[in-house]
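First up is the structure itself, then whatever we jot down about it.
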Protein chains: 2
Amino acid sequence: MRDDDAAPESATGNRRKPPTINDVAQRAGVSVGTVSNVLNHRSTVSAARRERVLQAVDELGFSGSMLAKGMRAQSNSLVGLCVPHTAFANLAALADTLDERAVGADYELIQVVSRYDSRRELSRIRRLIAYRAAGLIIVPSLDPKPVLDHCYKAKLPTVIINRLVPDERRFDQVTIDHDKAIYDASRQLLAWGHRHITLAVQFPALSVTRQRIDSLSRAVGGFGGGARWGVLECGLDEERFKDIFASHVRRRDAPSVIIASNSTVTSWILQSARSLGIRMPDDLSLLSLEEPEWALLTEPQLSAVLQPTREIGRIAWDLLLKRVEGSAEEPVSIRCEGRINFRGSVARGT
Amino acid sequence: MRDDDAAPESATGNRRKPPTINDVAQRAGVSVGTVSNVLNHRSTVSAARRERVLQAVDELGFSGSMLAKGMRAQSNSLVGLCVPHTAFANLAALADTLDERAVGADYELIQVVSRYDSRRELSRIRRLIAYRAAGLIIVPSLDPKPVLDHCYKAKLPTVIINRLVPDERRFDQVTIDHDKAIYDASRQLLAWGHRHITLAVQFPALSVTRQRIDSLSRAVGGFGGGARWGVLECGLDEERFKDIFASHVRRRDAPSVIIASNSTVTSWILQSARSLGIRMPDDLSLLSLEEPEWALLTEPQLSAVLQPTREIGRIAWDLLLKRVEGSAEEPVSIRCEGRINFRGSVARGT
DNA sequence: TTGTAGGCGTTATCAA
DNA sequence: TTGATAACGCCTACAA
């Protein structure tokens with residue numbers, strides 16, 4: 001039985017029911033099956049009828065219902081992208097690349113933001129599952145375990161990108177090999193005469209942070225010659241960072257170069273250094289592990305690791321599509337290498 | 001009749017059908033109506049049964065189907081955001097604000113990218129309509145007419161943001177009042193002694209560009225005293241821009257200040273000026289109509305108009321929600337004012 | 001308080 | 001070649 005009979009259709013005349021395939025069929029004087037066949041280029045419909053149908057479609061502005069299609073097909077051409085934040089340039093580029101691929105494959109990309117909150121992340125992904133998303137590409141939050149477990153239980157095809165989740169073998173991963181970048185960069189810095197390298201980080205507890213510290217330690221340790229390294233914990237508050245930074249670079253045993261783990265920290269360092277009157281690269285060198293769009297606009301220009309964001313996006317999309325299509329191969333972990341662009345912000349040696 | 005009998009469920013064991021409300025009912029030993037009532041906090045279900053239902057939901061990992069819900073309810077808690085591009089910081093901030101509001105109101109925000117292509121814009125919005133999006137927030141492309149006509153015909157509640165579409169009275173608009181910013185900024189520049197102002201633009205044909213030129217013309221014309229203004233057409237290619245810029249600032253009648261219409265142009269100007277050895281602000285002053293995130297990182301710091309992006313997002317969301325809920329009030333056009341931050345890149349006074 | 005059934009829009013199957 | 005119909009999962013009016 002109908003719930004609501006004769007929709008108001010008030011004077012405002014606002015809400016209008018979108019035309020359905022039945023409306024089209026009625027207008028064209030054919031059956032729904034015929035309309036569906038025309039729309040999906042199925043079997044052979046006589047030219048005359050096809051014409052009538054197409055005309056009716058046009059007149060009514062019929063656009064179909066992805067809801068009904070998805071329900072009928074028991075699958076939805078929707079792919080989720082879960083990111084912790086939208087405001088980072090490389091995440092924007094990632095979304096851009098994925099959007100392009102998705103549209104090309106006739107999928108919809110729907111982006112959800114976890115805001116670094118594991119609970120929110122989970123609830124957003126539940127929602128994606130409720131929408132019967134065909135797959136998920138996720139930049140994991142700080143505590144990705146619950147979400148990944150959930151995805152696994154729901155058998156949601158999932159690809160992890162950007163940030164490696166250690167010991168995770170259930171999903172494909174396409175991540176950035178920061179460790180190698182740090183190792184290579186450190187060796188280069190040492191070769192240029194730097195003898196004290198500081199790694200500036202925001203999340204010391206993160207396993208990837210520990211891995212980065214390991215890399216730095218290996219590079220410096222293997223070099224010998226009295227070279228040292230240290231870690232600067234930057235926190236999450238720009239105001240408080242200024243003091244932390246000042247005391248770090250003003251102490252007797254100050255580093256000659258800082259490696260900043262992301263572009264937020266990089267920006268903080270630039271500002272703090274300026275207000276403290278620290279000249280770059282004479283007093284201090286700086287290398288960022290993320291290349292921001294403004295890398296060439298600072299004075300001196302910023303040395304940075306150019307992340308292979310678009311490459312990651314492409315690889316991740318291809319992997320995901322395979323999974324969506326049912327591939328049951330062993331999950332892979334692909335590590336993409338960034339390119340280190342040394343520019344004016346790094347002093348090259350005596 | 002069933003289309004496919006007994007799904008393969010091959011050795012890979014990959015695809016699993018998500019549990020339905022029927023599965024839950026069966027497991028809990030109750031009827032579907034009871035389950036639905038529990039899930040929607042409806043009527044009074046006996047505590048014992050409710051418990052059984054909730055347990056079954058949990059055991060099965062039931063999450064419902066937004067597809068079926070949307071179909072049944074004839075409305076989908078989905079709102080589209082259509083932007084020309086994702087890589088601009090202020091668009092990212094916009095998406096962020098809207099996502100927050102949407103999630104708060106239990107809506108899903110789905111972003112589509114038009115890539116400055118009117119045809120793509122239309123096709124993406126058709127898709128949103130096919131998903132029965134409840135509403136649309138759109139940053140219009142260069143040629144928004146076809147899309148807006150389509151939205152109007154489909155009675156899709158729509159709010160236009162950021163970029164004003166002149167003479168468009170069918171939809172709410174929440175846009176930035178660049179004209180006022182240009183007028184005010186120009187007056188200030190003139191007061192500081194500048195006598196020749198150039199407006200650097202990318203799309204001369206755009207009506208908003210013409211309006212901006214009008215504002216500049218009014219400000220300079222009203223000032224008198226031999227003040228002049230001009231327009232620099234920057235094109236879309238950074239390489240070619242260098243030559244255009246060089247010949248513009250090297251001619252005898254060169255401007256003392258440039259107003260850049262967006263942050264892309266701003267960035268081009270900064271780079272070109274640097275490679276030409278033009279000092280800022282001594283040789284040339286610069287004001288950007290978009291404040292990029294790196295405004296404080298350049299030397300000198302960049303003067304810019306801080307756009308009220310988050311304010312726009314909030315207002316647009318509230319307007320849209322009203323429309324979605326059926327408001328038929330006269331559409332409004334709200335113009336938000338940016339704040340002009342004069343910094344080191346503008347020379348003050350003689 | 002609980003159960004039942006019809007319909008939302010689409011597609012595939014089967015019958016004509 | 002075309003038409004009629006069941007089924008997808010959910011919600012709700014109505015019956016029990």
Side-chain angles (χ1 to χ4, degrees), chain A residues 1-7 15-53 56-57 60-77 129-132, chain B residues 1-7 15-53 56-57 60-77 129-132:
Chain A
M1 337 248 148
R2 301 190 61 88
D3 316 326
D4 54 338
D5 40 332
R15 265 298 170 289
R16 187 180 63 182
K17 264 190 49 173
T20 77
I21 214 173
N22 282 288
D23 301 333
V24 175
Q26 197 166 356
R27 177 152 193 140
V30 300
S31 72
V32 283
T34 304
V35 176
S36 179
N37 283 333
V38 170
L39 259 37
N40 296 296
H41 315 292
R42 201 100 35 193
S43 84
T44 72
V45 180
S46 72
R49 288 174 99 80
R50 190 215 309 293
E51 212 43 55
R52 290 229 304 281
V53 168
V57 164
L60 293 171
F62 172 80
S63 59
S65 162
M66 293 303 288
L67 264 35
K69 276 193 231 270
M71 190 156 148
R72 162 74 221 205
Q74 295 286 45
S75 77
N76 197 351
S77 52
I129 292 174
Y131 267 106
R132 298 292 179 263
Chain B
M1 336 257 147
R2 300 190 63 86
D3 317 326
D4 54 339
D5 41 331
R15 263 304 168 287
R16 187 180 63 182
K17 265 190 47 171
T20 76
I21 213 173
N22 283 289
D23 301 333
V24 174
Q26 197 165 356
R27 175 152 195 140
V30 301
S31 71
V32 284
T34 305
V35 176
S36 179
N37 283 333
V38 170
L39 260 37
N40 296 297
H41 316 291
R42 202 99 35 192
S43 85
T44 71
V45 181
S46 72
R49 287 173 99 82
R50 189 214 312 292
E51 212 42 57
R52 290 229 304 281
V53 168
V57 164
L60 293 171
F62 172 80
S63 60
S65 161
M66 293 304 286
L67 264 35
K69 274 193 233 268
M71 192 157 147
R72 161 74 223 209
Q74 294 289 323
S75 78
N76 197 352
S77 52
I129 292 173
Y131 267 106
R132 298 293 180 263

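Letters A, B, ... mirror the listed sequences (proteins, then strands); counts begin at 1.
- Side-chain contact between A/M71 and A/S65 is absent, with no heavy atoms from C-beta onward closer than 4.5 Å.
- Proximity of A/Q74 to the phosphate of C/dT11: no side-chain N or O atom is located under 4.0 Å from OP1 or OP2.
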Exercise. Step by step, would you call B/F62 with B/V35 a side-chain contact (heavy atoms from CB on, under 4.5 Å)?
Worked result: CA-CA 11 Å; B/F62 172 80; B/V35 176; 5.7 Å; no
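- Within 6.0 Å of atom CD in B/Q74, more than 12 heavy atoms from other residues, nucleotides or ligands are found, so the atom counts as buried in its surroundings.
- B/S46 comes within contact range of the sugar-phosphate backbone alone, with a heavy-atom separation under 4.0 Å but no base atom that close.
- With DNA chain C read from its 5' end, the first of the two nearest nucleotides for B/V32 and A/S65 is the one closest to B/V32.
- In this structure, OH of B/Y131 is placed 17 Å from P of C/dG9, rounded to the nearest angstrom.
- Not one side-chain nitrogen or oxygen of A/T34 sits closer than 4.0 Å to the OP1 or OP2 atom of D/dT1.
- Straight-line distance from the CG atom of A/L60 to the P atom of C/dG9: 13 Å, rounded to whole Å.
- If you measure from atom CG of A/L39 to atom C1' of C/dA12, you get 15 Å, rounded to the nearest angstrom.
- When heavy atoms are screened at a 4.0 angstrom cut-off, A/G64 is found touching the sugar-phosphate backbone but no base atom.
- Between B/L67 atom CG and C/dG7 atom P there is a gap of 21 Å when expressed in whole angstrom units.
- For A/S31, a side-chain nitrogen or oxygen approaches OP1 or OP2 of D/dG3 to under 4.0 Å.
- Residue A/N40 is classed as a sugar-phosphate contact, given heavy-atom separations below 4.0 Å to backbone atoms only.
- Side-chain N/O atoms of A/R49 include one lying less than 4.0 angstrom from OP1 or OP2 on D/dT2.
- Contact check, A/K69 against D/dC8: no side-chain N or O comes under 4.0 Å of OP1 or OP2.
- Under the 4.5 Å side-chain criterion, counting only non-hydrogen atoms from C-beta, A/S31 is not in contact with A/R49.
- Computed from coordinates, the B/D23 CG to D/dC8 P distance equals 11 Å when rounded to whole Å.
- Contact annotation: side chain of B/R72 to base of D/dC10, donor-acceptor pair absent below 3.5 Å.
- Between the side chain of A/R52 and the main chain of A/A28, a donor-acceptor pair closer than 3.5 Å is present.
- Here the P atom of nucleotide C/dG6 and the CG atom of B/N22 are 15 Å apart, to the nearest Å.
- For the pair B/K17 NZ and D/dA7 C1', the interatomic distance rounds to 10 Å; values are reported in whole Å.
- In this structure, B/M71 places its CE atom 7 Å from P of C/dG9, rounding to the nearest Å.
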